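Worth saying up front: this structure is predicted, and the values here are computed from it rather than measured.
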2 protein chains.
Amino acid sequence: MTEQQPVGALPRPTLESVAERAGVSRATASRVVNGGEGVRESLRAKVQQAVDELGYVPNLAARTLVTRRNGAVAVVVAEPESRLFSDPFFAQHLRGISRELSAADNQMVLLLVEDQHDYERVGRYLAGGHVDGALLFSLHHSDPLPEMARRVGLRTVIGGRPGWPGAEADRDLLYVDSDNRGGARLAVQHLRSLGRARIATITGPLDQTSSIDRLDGYRDLLPDGDPELIAEGDFTADGGGRAMARLLARRPTLDAVFAASDAMASGALRVLREHGRRVPEDVAMVGFDDVESIAAWTDPPLTTVRQDIEEMGRLMARLLLRRLAGTGGPGPTSIIIPTTLVRRASA
Amino acid sequence: MTEQQPVGALPRPTLESVAERAGVSRATASRVVNGGEGVRESLRAKVQQAVDELGYVPNLAARTLVTRRNGAVAVVVAEPESRLFSDPFFAQHLRGISRELSAADNQMVLLLVEDQHDYERVGRYLAGGHVDGALLFSLHHSDPLPEMARRVGLRTVIGGRPGWPGAEADRDLLYVDSDNRGGARLAVQHLRSLGRARIATITGPLDQTSSIDRLDGYRDLLPDGDPELIAEGDFTADGGGRAMARLLARRPTLDAVFAASDAMASGALRVLREHGRRVPEDVAMVGFDDVESIAAWTDPPLTTVRQDIEEMGRLMARLLLRRLAGTGGPGPTSIIIPTTLVRRASA
DNA sequence: GGGTTTTTTGAGAGCGCTCCCAATTACTGC
DNA sequence: GCAGTAATTGGGAGCGCTCTCAAAAAACCC
């Protein structure tokens, strides 16, 4: 517990020392450091010089203590074990968020939630007022975090459409999502334009809104579709393969598949191959996500629906920052990001 | 700039209010909150009850201001554009770090560095004393961050063996790395045990120590190897494919390839297929990393060298925490994590 | 040039917490 | 029961900063 001072670490200069060196009061030095409004140029320059010479950096803790602003935002990821750690989604999200936050000189505190104990820890942290706002990810239906955040008055933006009852109507609940439903329609439309008539789909876990929305998009275009052409997967390649096998058993004559993720599509492709089906000649395949490292490297390369994950992260951060600024104007509203079809060889 | 107080956000309870409610002094309340040593049980319970009833959470800023400890660690990732965002490495690293840090009740502040401007921003942040230590990732040879960190007396652990001159000798420079060299040896040894005689390798970019070490491992077992059997890639699938094509042009009779990453191996597999080579019959392939989403889903599934990325993250965090604790005993030393061979179908 | 207004500056309080030190209380042993 | 010692407790200073408010200085007006 002994705070072992690293060798050679000089005591950091304080505002006081800057002020003294510049021959002004602490208050004036503070003004200069925070923008310099209403300070005569001559003094401003003198203070600035002192800052440079001393290498002064404001002590954030002291500043936070009085302003009650942290200049930091929590990014909470509650996705135990799932595809987070096999897809590069996560990194792209973070990059988008990072870019937007750092442009506004905000820090990103990353909190990963895995088990019940973590929920408590994170809840405590969020309640602790250590961050000005939170970006919440990958919530299950009964996730307690949004309610927690609301209770402690923490401003929040959610990644992905929240699925619990009433969420949609809650104007206070900001979220950013890809246009999953529209993307699914793009995929099915494309398959239809290729003349495919028996189009199956492999869905994600149907307790997630993204899966539901993609299935809804599929149904939009195939309202009277054969329910036996729908199989539930779990967003993993393995699960996609198993779902594909079920579909083949039930409807051997299917001629196209829309898989709700690239990973599932890659598993499905493998199963099709094992069953002697040629892609795209016998069965056309469209994926979802456009994860470069999967879609571009399947055999054949995967036609898929692209969602701009990084943009999603960026917009989440921007929404939160705007909410934090609270400029009194009309509050920001949730955002749906368009998806596009990327044609490769599988359909 | 007007701090818009969220509706219903009560002023947070302070230590003062806890003390008052429990009928003790602020000092005693503080003791209880921080472990309760030397406080009579009866009082301790009373304070604890007040804490619970009020939902008191210590104000970190105030605490930091006096203790000069932040309870936060920076994770700096300086890997512009590279495989960070296609491989799931990043997420695994972070998970390892997160697990270790949160067990010690430390937060993780994530800083992504992309351009020159970011370096300044991050440098300023690290100098600002906002974190107790830093975990540095993916440094290029001339990366200024370690030196920056040292200058401001920030304790640091590096991910991956640092490559600049003198780094090895610097006892103050802690790092954690996989046993890249040993892993490469495992791969080549395995290929040899299969009776392969003309073993090529596709390296990563040779300005990174991980690439160099893997190549060194290859050379350890093939000291008199044909230099034309070595081609440099860039850790991407595309680059791996191109390197493979070069190798085939130069040495058409090669019968095995050790690729220094799974992504490169997947690109190489595709090129082999295009050239009519069967894997593993004509050419055996071993990758490196064991990225599940790649290695398990290539055709054929990839035999590869597994490195435990999450463990690496965990150990980095542990090393840093130990260094921060500075218990006076012998300082921690750098760690090399063993690698293992995972046999699948490609070799 | 005197009065008035406006702009610039500084003094001082206080954010919530820890920790030193002195005061108090609780135990010893005889 | 009392001195002596040990264990608890509380008072108060102070971490570095912002921000209000009043004083000082500069600018303006007739």
Side-chain angles (χ1 to χ4, degrees), chain A residues 1-3 5 9-48 50-51 54-72 127-130 132, chain B residues 1-3 5 9-48 50-51 54-72 127-130 132:
Chain A
M1 276 297 151
T2 46
E3 173 72 357
Q5 200 58 225
L10 306 172
R12 294 210 290 128
T14 70
L15 236 206
E16 189 77 48
S17 60
V18 169
E20 189 183 10
R21 186 182 190 96
V24 300
S25 73
R26 201 171 58 248
T28 298
S30 173
R31 286 191 191 95
V32 173
V33 169
N34 292 293
E37 304 258 313
V39 176
R40 230 178 332 164
E41 175 53 26
S42 62
L43 278 194
R44 208 200 55 70
K46 232 187 289 188
V47 172
Q48 188 58 55
V51 165
L54 259 39
Y56 170 75
V57 184
N59 180 322
L60 269 211
R63 179 179 285 172
T64 294
L65 188 55
V66 28
T67 62
R68 272 108 208 303
R69 235 172 295 114
N70 301 82
H130 310 319
D132 301 325
Chain B
M1 278 298 147
T2 46
E3 173 73 356
Q5 200 57 226
L10 306 172
R12 295 208 292 126
T14 70
L15 236 207
E16 188 78 48
S17 60
V18 169
E20 188 182 12
R21 187 181 190 96
V24 301
S25 74
R26 205 171 53 252
T28 298
S30 174
R31 284 189 193 97
V32 173
V33 169
N34 292 291
E37 303 259 312
V39 176
R40 230 178 332 163
E41 175 54 25
S42 63
L43 278 193
R44 209 200 55 71
K46 234 187 286 188
V47 172
Q48 189 57 55
V51 166
L54 258 38
Y56 170 74
V57 185
N59 180 322
L60 269 214
R63 177 179 287 173
T64 294
L65 188 55
V66 28
T67 61
R68 273 105 207 304
R69 232 172 296 114
N70 302 82
H130 310 318
D132 301 326

Provide, to the nearest angstrom, the distance between the CZ atom belonging to B:Arg44 and the P atom belonging to D:dT9.
-> 12 Å
Whole Å only: how far is the CZ atom of B:Arg31 from the C1' atom of D:dG11?
-> 11 Å
Please check if the side chain of A:Asp132 supplies one atom and the backbone of A:Asn70 the other of a donor-acceptor pair under 3.5 Å.
-> yes
Let me know the distance between CD of B:Glu16 and C1' of D:dG11, rounded to the nearest Å.
-> 12 Å
Just wondering, more than 12 heavy atoms not from B:Glu20 lying within 6.0 Å of its CD?
-> no
For the pair made of CG in B:Asn70 and P in D:dC15, what is the distance, rounded to whole Å?
-> 17 Å
Taking the side chain of A:Val24 as its heavy atoms from C-beta onward, which of D:dC17, C:dG10, D:dT9 lies nearest to it?
-> C:dG10
Return the minimal non-hydrogen interatomic distance between A:Tyr56 and A:Val33, and the atom names on each side.
-> CE2-CG2, 4.0 Å
For atom CG of B:Leu60 and atom P of C:dC17, their distance in whole Å | 10 Å
Round to the nearest Å and state the distance from B:Tyr56 atom OH to C:dG16 atom C1'.
-> 7 Å
Out of C:dA13, D:dT9, C:dA11, which has the shortest distance to the side chain of A:Arg26?
-> C:dA13
Quick one: label B:Leu43 by what it contacts on the DNA or RNA (base, sugar-phosphate, nothing), any heavy atom closer than 4.0 Å.
-> sugar-phosphate
Rounded distance in Å - CZ (A:Arg40) to P (C:dT9) = 5 Å
Taking OP1 and OP2 of D:dC17, is either one under 4.0 Å from a side-chain nitrogen or oxygen of A:Ser30?
-> no
Out of C:dT18, C:dG16, D:dG11, which has the shortest distance to the side chain of B:Arg63?
-> C:dT18
A:Arg68 side-chain N/O to C:dG16 phosphate OP1/OP2 under 4.0 Å | yes
Contact summary for B:Arg12 and B:Val57, nearest pair of heavy atoms = NH1-O, 3.3 Å
The side chain of B:Thr67 lies closest to which of these nucleotides: D:dG16, C:dC19, D:dT18?
-> C:dC19
Among the nucleotides D:dT9, D:dC17, C:dG16, which one has an atom lying closest to any side-chain atom of A:Asn59?
-> D:dC17
Closest listed nucleotide, where the reference is the side chain of A:Ser25 and the choices are D:dG11, C:dG14, C:dA11 | C:dA11
Side chain to side chain contact (heavy atoms under 4.5 Å, CB included) with A:Arg63: which of A:Thr67, A:Val66, A:Leu65?
-> A:Thr67
From the list C:dA13, C:dC17, D:dC19, which nucleotide is the closest neighbour of the side chain of B:Ala62?
-> C:dC17
Which nucleotide, C:dG16, C:dC19, D:dG16, lies nearest any side-chain atom of B:Ala27?
-> C:dC19
Spacing of B:Leu65 atom CG relative to D:dT18 atom C1', expressed in whole Å | 12 Å
Per atom distances to the B:Val66 side chain, the nearest of D:dT9, D:dC17, D:dG14 is D:dG14
